[in-house]
Amino acid sequence: DIIACGFDPERTFIFKNSDYYGKMYRFVTEIERMTTVTKLKAMYGFTDSTNCGYMAFPPKQAAPSFCAAFPNILPGILNASKKNKSKQPLCIVPCGMEQDTYFCLARDVADRLKMPKPTELIGQFIPALQGAGSKMSASKGASALYLKDTPKQVFMEDDEELEKLKVDYAAGRLMTGEVKNVLIAILQDLIKAHNDRKAEITDDVVRAYMQERMLESVGAVAIKAPEPEVETVEAVEAVTAAVAEMEVKAE
């Protein structure tokens, strides 16, 4: 799914911690040396009975937010940044709020490491399809729409999930059923396009992304995402405008 989003293979390295950790080991130990047990207790609620595996995990999670964790992937960039600190690449970490403490730890040790502090893009928690207060779960297939869903799975035949929307916006000129039909069409197109790209990805392509090799050029634009169809953009704008209008009328 990550590859199908359009990441440039010449500027992208995908890794599993369990496979790549050996290459990061030396750098991880530097972060561990700068992190006290007292700090970990304060940040994560650890106690004297917490096992050492839990306490050793935060430095491992924080390490990839620094280019020094990839000495064999970014050697050219690392060498240049050692000579000129202004050339040190910055790191942006998209994550959920529950991951924030790991990168707070990274920012806390950055100055001592003489490296730029990573920046986070924190995503909001989105409720499940069951409505406010519900939680998405991989074990509950009906709690979310998945990229692997078929067009028929995008919405169920019954309108239970949309009943609340229908009641809230009953006074609007655009009926809930019309909004539903537009949204279904948009989501079906997006999911089908993603799955079509995913179907073309072979095991060799995955191995190429995960192969350890030098990346001499990285930057802020590392994704070649396909441009959306004009009709899709217009449909999204139409739905957004209609919902906004109904919200005003509902007030």
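Not measured: the values here are computed from a predicted model. Below, each value reflects all heavy atoms present in this structure, side chains not excepted, and no hydrogens, waters or symmetry copies.
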> Might you point out which heavy atoms bring N51 and Y54 nearest each other, and give the distance in Å?
OD1-N, 3.0 Å
> So with a 6.0 Å cut-off around CE of M34, is the heavy-atom count from everything else above 12?
yes
> Any idea which heavy atoms bring F70 and P64 closest together, and the distance?
CE1-O, 3.5 Å
> Taking everything shown except I122 itself, do over 12 heavy atoms lie less than 6.0 Å from its CD1?
yes
> Not counting sequence neighbours, which residues clear salt bridge (charged side-chain N to carboxylate O under 4.0 Å, His left out) with D203? List them please.
none
> Can you name the closest pair of heavy atoms from E98 and Y102 and give their distance?
O-CE1, 4.5 Å
> Starting at CD of E30, measure out to CZ of R112 and round the result to the nearest 0.5 Å.
11.0 Å
> Just verifying a value: how many Å separate N72 CG and L215 CG, rounded to the nearest 0.5 Å?
9.5 Å
> Does P58 offer a backbone N or O that forms a donor-acceptor pair with the side chain of Y44 under 3.5 Å?
no
> Transitively linked via ILVMFWY side-chain contacts under 4.5 Å: I2 with I201?
yes
> Can you tell if the side chain of T29 reaches within under 4.5 Å of the side chain of R33, non-hydrogen atoms only?
no
> Is the backbone N or O of T119 less than 3.5 Å from a side-chain atom of R107, with the two atoms forming a donor-acceptor pair by type?
no
> Which distance, rounded to the nearest 0.5 Å, do you find between the OG1 of T101 and the CG of D108?
12.0 Å
> For the SG atom of C52 and the CZ atom of F46, what is their distance to the nearest 0.5 Å?
11.0 Å
> Side chains of T50 and L40, heavy atoms from C-beta outward: is any pair under 4.5 Å?
no
> Answer whether the closest heavy-atom distance between the side chains of D100 and M97 falls below 4.5 Å.
yes
> Just how far is it from atom CZ of F27 to atom CE of M115, taken to the nearest 0.5 Å?
4.5 Å
> With sequence neighbours excluded, tell me which residues meet salt bridge (charged side-chain N to carboxylate O under 4.0 Å, His left out) with E212.
K23
> Nearest heavy-atom pair of A110 and K117: which atoms, and what distance?
CB-CG, 3.5 Å
> Any chance OH of Y21 has more than 12 other-residue heavy atoms, nucleotides or ligands included, within less than 6.0 Å?
yes
> Using side-chain heavy atoms (C-beta onward) and a distance below 4.5 Å, is K60 in contact with N17?
no
> Where do C5 and H194 come nearest, in terms of heavy atoms and distance?
SG-CE1, 4.1 Å
> Run the ring-centre check on F7 versus Y209 and record whether the distance is less than 6.0 Å.
no
> Would Q61 and Q99 count as having a side-chain donor-acceptor pair, cut-off 3.5 Å?
yes
> Does a donor on one side chain sit under 3.5 Å from an acceptor on the other, for S49 and T47?
yes
> Return the minimal non-hydrogen interatomic distance between I31 and A63, and the atom names on each side.
CD1-CA, 3.7 Å
> Can you tell if the side chain of K41 reaches within under 4.5 Å of the side chain of D48, non-hydrogen atoms only?
yes
> In Å and rounded to the nearest 0.5 Å, what is the CZ to CD distance from R213 to E10?
9.5 Å
> Quick one: do D204 and R207 make a salt bridge, cutoff under 4.0 Å?
yes
> Hey, can you tell me if F13 and Y20 have their rings parallel, tilted or perpendicular (30° and 60° cut-offs)?
perpendicular
